Undergrad: 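One structure, as C-alpha cells, below. Some questions next.
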Protein chains: 2
Amino acid sequence: MVEKVRLGVVGVGAQGRLYAELVASGRVPSLTLTALCSPNPASRSIDRHQQLADRLHVQLFTDLRELLDSQRVDAIVITTPHYEHPRIGIEALRSGVHVLVEKPVGVYTNQVAELLQVADQHPHLTLAVMFNQRTNPLYAELKQAIDSGRYGRLRHSSWQITHWWRPDAYFNLSPWRASWGGEGGGVLINQAQHQLDLWQWLCGTVERCFARVQFGYRRDIPVDDEVHALVQFAGGPSGTFMTSTTDLVGTDRLELLFDRAKIVVDNSADLSIWDFVDDERQIARSISPADAAKVPSEGFDRSRFYRVRHRHYSSVWGEQHALVLENFGRHLLDGTPLVADGHEGINSVRLANAMHLSAWTGEDVDLTDFDGDRYLAELNARVAAEGRFPLRD
Amino acid sequence: MVEKVRLGVVGVGAQGRLYAELVASGRVPSLTLTALCSPNPASRSIDRHQQLADRLHVQLFTDLRELLDSQRVDAIVITTPHYEHPRIGIEALRSGVHVLVEKPVGVYTNQVAELLQVADQHPHLTLAVMFNQRTNPLYAELKQAIDSGRYGRLRHSSWQITHWWRPDAYFNLSPWRASWGGEGGGVLINQAQHQLDLWQWLCGTVERCFARVQFGYRRDIPVDDEVHALVQFAGGPSGTFMTSTTDLVGTDRLELLFDRAKIVVDNSADLSIWDFVDDERQIARSISPADAAKVPSEGFDRSRFYRVRHRHYSSVWGEQHALVLENFGRHLLDGTPLVADGHEGINSVRLANAMHLSAWTGEDVDLTDFDGDRYLAELNARVAAEGRFPLRD
C-alpha cells in the first residue's frame, strides 16, 4: 500500500477542474482525489460539477462544513473566487484539514493576516500557496544561485510583464471577474500575482512602493488594466514594475543587476547571465585614465570583463501545477520542504494592495508598516460604488 | 563663391575639438571654422588649445567678449561646462551672434528660461541645441510615423538605458565632472539628456514625475549614478524610465505601445514594429467568449492580428554631430527647419531637475508648474555642501 493524502477540491471553476483532473489522472502520486466541493449555492454550474464528480468517482459536496466534517479529506485545495480563500482556509484549519490555497491567498492583507494567525495557532497543520511558477526550473535555479551569494548584492531590478492580453469577453466569463466587489482588483490581483511573488522571492520583500495605475484604461472594467510602479526592496535596491492586460503582442522581460553579474530573463524561458570576472566596483576602479577617456565613444572594449551564457528553458502548461500539488502531498507525507509556504503569500497581496493605495492616494506607500485598515476602507468605497457585492470586513 | 556661415567654437574640450575638426575638415559644407575660444582663464590646457588653433589655421580667443566683438564669427557653438551654456548664449545673442548650444542647454530651468527669454527678444537670431540623436534615421523616421497618426494614441512607454558604463577614472578626467557645483548632476544631466529629449520628442512632454535616485551608489561621486522614474506624459500616458552608469553590460531598450502598433527599439539600432490590423480596442471587442476562455492558457493565437517588421539601422560615431552642425548652418543660410530649436532644450533639463527634486523631496513633481526657484535652492544646498564651486543664481 502506498500512502496517499486524501484531497478535496473546493471550488470547481477552471482551476479546480484542472487540479481535480491532474490528481484523478494519477499525475500527482502523493495525492488521491476524494471529494469536490462547490460551496456557492447560487452556482449555475452545479449540474456540470456533479457530472465531473461522477466521472471522477468522488463525492460532490455543496456545503463546506459537510465536506470538512465528512472525514473524507486530509487536505483541501481552495480554488474559489479570491475573496473566499481566507475564510475557507480558516474553516479548514480549524477542522484539522491541511490547506493549499490558489493565488492570491486573499484580496487584502487584513484577511490574509487573519488566515496566517489561525495557521500559527495550528502548527501541526500545513498552509501552502499555489505559486506554481516557482517550480519553473529557470526561476528555481536562479533563486538557488542568488541565494548562494555568487552574484553578490542586488543593485536593481525591473520586470515588464504584459504578455497576458485579455479580450473583453474574458472579463465576462464569470460575473465576479474584474470587479472590486467580486475579484478585488484587476491585473494586479489576478494575473500579476505570480510575478509579484517571484520578484520578491528573488529580490527581497518590497518596503516602499509608488505607482501609477490605470483603471479601465482600455477595457470597460472598473479595475486596473495597466500598472507602472517603482519599488524599494529590503536593503535599498530599487525596482521598476510594469504590467498591462491590453498589449496585443506582450512583453515578459526581467532584468536583475548584481555586483558580480547581470541577468536577463525573456518570456520566462530564455535566461542570459553575464558573469563578471570580479566585483564590478573593482573592475571600474582598475581602468586607467587613458582607457576611461575612450569609454564614451565606445572605443574601449569591456567584454573582456564578463562571460555570457544563454540558456533556453521549456515548460508545459499544467506541469507546474502538478509539481506544486505533489510537493504539497509529499510535504504532508514526509516533510519535504514546501515550494511556497502560505505565510509567503501575503507579500504579493501586500504589494498589489500598496500599488492600488499609492495610485489612489498619490503617496509613496510604506509596506513595512502597511495600513491594512486604510486599504480595506478604500477598497470598500469602491465595492460600494459598484453596488453589486457586499462590503468586506 | 559658396556662401558659408563663419563659426567659432567656444570651449575646447573633447566636444569642442570634435566639432572644430569636423568643420575644419570640410565635413560640414555650410560652415567654415574661423575661431576657437577657450574662455576659462584657469584652463591648464591653453597650450594644447593654441596648437589646435594653429593647426586648423584659426585664431584662438581666451576672452569671449573679444571673440564676439571680433567680427570674425556669424555663429558660435558652445561646448563649455554645462553651467556656462546659458550665460555664453545670452552674451552671444546680445552681440548679434547665432548660437548652437551643446546639450544640456543648461543645468537648471531658471538659467535656461533666461536664455530663452533673450532668444525671444532677438527673433532674427537662431538658438539651436545639439540633440544629435534626433538625426539617427531610426528615431527620425519613428518621429515622422508617430506624428502622422498612423499608430493612433500612445498608451504607455518605457526606456531602460544603462549602456553608458563609466569607470571611476572617467569622472576624474575633468575637475568639474560629476559634481553638483561643476556639472550640476550625474547621469541625468550628462549622459541621459539625449534620451530625456528623444523620449519627450516621441511621446509628448512630461507633466508629472516621481523618481528614486541613487547618488554615489556604486561610484565615489556625490551625484546621481542610478535613476528610476515614473512619468506621466501630456494627455495621460504613463512611462517608466531607468538609467545607470554602473551596468558593465548595458541595456538600451525603448518600448512604445500605441492603440494600433507596438514598437520596440533595442540599442537605438534595431527597430521592431508590430502593426495591428485594427485599433486594439476593436480587436479585443471582436473576440468570442469561447475564444476568450482559451486565452489564458495560450490556446488562442493572436498573431493573426498584427504584422511585424524588423529593421536594423547603423550609425557612425560623429556623423550625427556633423548632421546637426550642417543643419544649423543650412538653417542660417536658407531657412531649413532646425533639427532641434533651442526652446525645446528646456524639456530635458526640466525633466532631469524634476527627477532630482522628486528624489530629494519624495514628492510626485508637477512639471506643468515647475518650481525652478525651489530646485535651484536645493541644488545650491548641495553645491555649498560640496564646497568646491560658487553658488548659482
Side-chain angles (χ1 to χ4, degrees), chain A residues 14 155-156 158 160 162 164-170 172-173 191 210-212 214 217-219 226 228-230 232 236 238-240 242 244 246-249 251 253 255 257 259 262 264 274 276 280-281 283-289 291-293 295-298 302 305-306 308 317 362 364, chain B residues 14 155-156 158 160 162 164-170 172-173 191 210-212 214 217-219 226 228-230 232 236 238-240 242 244 246-249 251 253 255 257 259 262 264 274 276 280-281 283-289 291-293 295-298 302 305-306 308 317 362 364:
Chain A
R155 292 186 174 188
H156 64 244
S158 61
Q160 180 163 5
T162 61
W164 32 52
W165 180 74
R166 294 291 182 266
D168 293 63
Y170 170 81
N172 299 325
L173 290 177
Q191 291 81 16
F210 180 90
R212 291 188 205 285
Q214 305 269 14
Y217 188 44
R218 289 294 193 275
R219 294 293 181 269
E226 183 177 303
H228 302 250
L230 285 195
Q232 185 182 299
S238 296
T240 62
M242 197 266 137
S244 145
T246 73
D247 179 346
L248 188 60
V249 181
T251 292
R253 183 182 169 90
E255 276 209 26
L257 185 68
D259 282 340
K262 173 167 179 159
V264 175
W274 290 261
F276 305 159
E280 187 275 344
R281 196 70 200 83
I283 295 169
R285 286 197 173 107
S286 73
I287 309 300
S288 71
D291 281 341
V295 167
S297 60
E298 309 287 329
R302 58 210 205 214
F305 296 118
Y306 51 75
V308 60
W317 174 253
D364 187 21
Chain B
R155 291 185 175 189
H156 63 245
S158 62
Q160 179 163 5
T162 61
W164 33 50
W165 180 73
R166 294 290 182 269
D168 293 64
Y170 169 81
N172 300 325
L173 290 177
Q191 291 81 15
F210 180 91
R212 292 190 206 283
Q214 305 269 16
Y217 188 43
R218 289 294 193 275
R219 293 293 181 270
E226 184 177 301
H228 302 250
L230 285 195
Q232 184 183 298
S238 296
T240 63
M242 197 267 137
S244 145
T246 72
D247 180 346
L248 188 59
V249 181
T251 293
R253 184 182 169 91
E255 277 210 26
L257 185 67
D259 282 341
K262 174 167 178 159
V264 175
W274 290 261
F276 306 159
E280 187 275 343
R281 195 71 202 82
I283 294 169
R285 285 197 173 108
S286 73
I287 309 299
S288 72
D291 281 341
V295 166
S297 60
E298 309 287 327
R302 58 210 205 214
F305 296 118
Y306 51 75
V308 59
W317 174 253
D364 187 22

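Only a predicted model underlies this, so the values are computations on that prediction, with no experimental measurement involved. A, B, ... follow the sequence lines: proteins, then strands. Residue 1 opens every chain.
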Undergrad: Quick check on the interface: out of B:Ser288, B:Ala293, B:Ser238, who has the most heavy-atom pairs with chain A under 4.5 Å?
TA: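 The residue among B:Ser288, B:Ala293, B:Ser238 with the greatest pair count is B:Ser238.
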
Undergrad: Check side chain to side chain contact (heavy atoms under 4.5 Å, CB included) between A:Asn172 and all other residues, then give those that pass, not counting sequence neighbours.
TA: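 With neighbours one apart ignored, the set is empty.
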
Undergrad: Do you know which two heavy atoms are closest between B:Leu173 and A:Pro289, and how far apart they sit?
TA: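 Shortest heavy-atom separation between B:Leu173 and A:Pro289 comes out as CD2-O, 3.8 Å.
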
Undergrad: Of the backbone (N, CA, C, O) and the side chain (C-beta and beyond), which part of A:Leu248 lies under 4.5 Å from a heavy atom of chain B, both, or neither?
TA: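 Both backbone and side chain of A:Leu248 come within 4.5 Å of chain B.
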
Undergrad: Which of the residues A:Ser286, A:Ala14, A:Gly362, A:Ala169 is involved in the greatest number of heavy-atom pairs with chain B at under 4.5 angstrom?
TA: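 Winner by heavy-atom pair count: A:Ala169.
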
Undergrad: Okay, side chain of B:Arg155, backbone of A:Tyr217: is any donor-acceptor separation there less than 3.5 Å?
TA: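 Here the side-chain-to-backbone pair does not exist.
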
Undergrad: Among A:Ala292, A:Ala284, A:Gly239, which residue has the highest count of heavy-atom pairs closer than 4.5 Å to chain B?
TA: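 Looking at each option in turn, the highest pair count goes to A:Ala284.
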
Undergrad: Kindly give the heavy-atom pair with the smallest separation between A:Lys262 and B:Val249, and that separation in Å.
TA: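 Here A:Lys262 and B:Val249 meet closest at CD-CB, 3.6 Å.
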
Undergrad: Given the options B:Trp165, B:Phe276, B:Tyr306, which has more heavy-atom pairs under 4.5 Å with chain A than any of the others?
TA: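 Looking at each option in turn, the highest pair count goes to B:Trp165.
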
Undergrad: Quick check for you: among A:Met242, A:His228, A:Arg166, which has the greatest number of heavy-atom pairs under 4.5 Å with chain B?
TA: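 Greatest number of close heavy-atom pairs with chain B: A:His228.
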
Undergrad: Given heavy-atom pairs under 4.5 angstrom as the criterion, report whether the side chain, backbone, both or neither of A:Asp291 touches chain B.
TA: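 Neither the backbone nor the side chain of A:Asp291 comes within 4.5 Å of chain B.
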
Undergrad: Of the non-hydrogen atoms in A:Gln160 and B:Ser158, which two are nearest, and what is the gap between them?
TA: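 Closest approach of A:Gln160 to B:Ser158: OE1-OG, 3.4 Å.
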
Undergrad: Please classify the contact of A:Leu230 with chain B as side chain, backbone, both or neither, using a heavy-atom distance under 4.5 Å.
TA: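 Both backbone and side chain.
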
Undergrad: Is chain B contacted by the side chain of A:Arg253, its backbone, both, or neither, given a heavy-atom distance below 4.5 Å?
TA: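 Only the side chain of A:Arg253 comes within 4.5 Å of chain B.
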
Undergrad: Return yes if some donor-acceptor pair links the side-chain N/O of A:Tyr170 with the main-chain N/O of B:Ile287 below 3.5 Å, else return no.
TA: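 Looks like no, no N/O pair under 3.5 Å.
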
Undergrad: What distance do A:Asp168 atom CG and B:Ile283 atom CD1 have between them, rounded to the nearest 0.5 Å?
TA: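 Interatomic distance, A:Asp168 CG to B:Ile283 CD1, rounded to 0.5 Å: 11.5 Å.
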
Undergrad: Please flag which part of B:Ala229 lies under 4.5 Å from any non-hydrogen atom of chain A: side chain, backbone, both or neither.
TA: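 Just the backbone, heavy atoms under 4.5 Å.
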
Undergrad: When you compare the side chains of A:Thr251 and B:Glu255, does any donor N or O come within less than 3.5 Å of an acceptor on the partner?
TA: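 The criterion, which ignores hydrogens and geometry beyond distance, is satisfied for B:Glu255 and A:Thr251.
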
Undergrad: Residues in salt bridge (Lys or Arg N to Asp or Glu O under 4.0 Å) with B:Arg285, at least two apart?
TA: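 Partners of B:Arg285 by the salt bridge (Lys or Arg N to Asp or Glu O under 4.0 Å) criterion, ordered by chain and then number, come out as A:Asp220.
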
Undergrad: Among the options B:Asp364, B:Thr240, B:Thr162, B:Leu257, pick out the one with the most heavy-atom pairs lying under 4.5 Å from chain A.
TA: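 It is B:Asp364.
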
Undergrad: Among A:Glu226, A:Arg212, A:Gln214, whose side chain to side chain donor-acceptor pair (under 3.5 Å) with B:His156 holds?
TA: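 Answer to the side chain to side chain donor-acceptor pair (under 3.5 Å) test with B:His156 among A:Glu226, A:Arg212, A:Gln214: A:Glu226.
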
Undergrad: Looking only at non-hydrogen atoms, find the nearest pair between B:Arg218 and A:Arg281 and report the distance.
TA: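 In terms of heavy atoms, the two residues are closest at O-NE, 2.9 Å.
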
Undergrad: Is B:Phe210 in contact with chain A via its backbone, its side chain, both, or neither, using a 4.5 Å heavy-atom distance?
TA: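 Its backbone and side chain both get close to chain A.
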
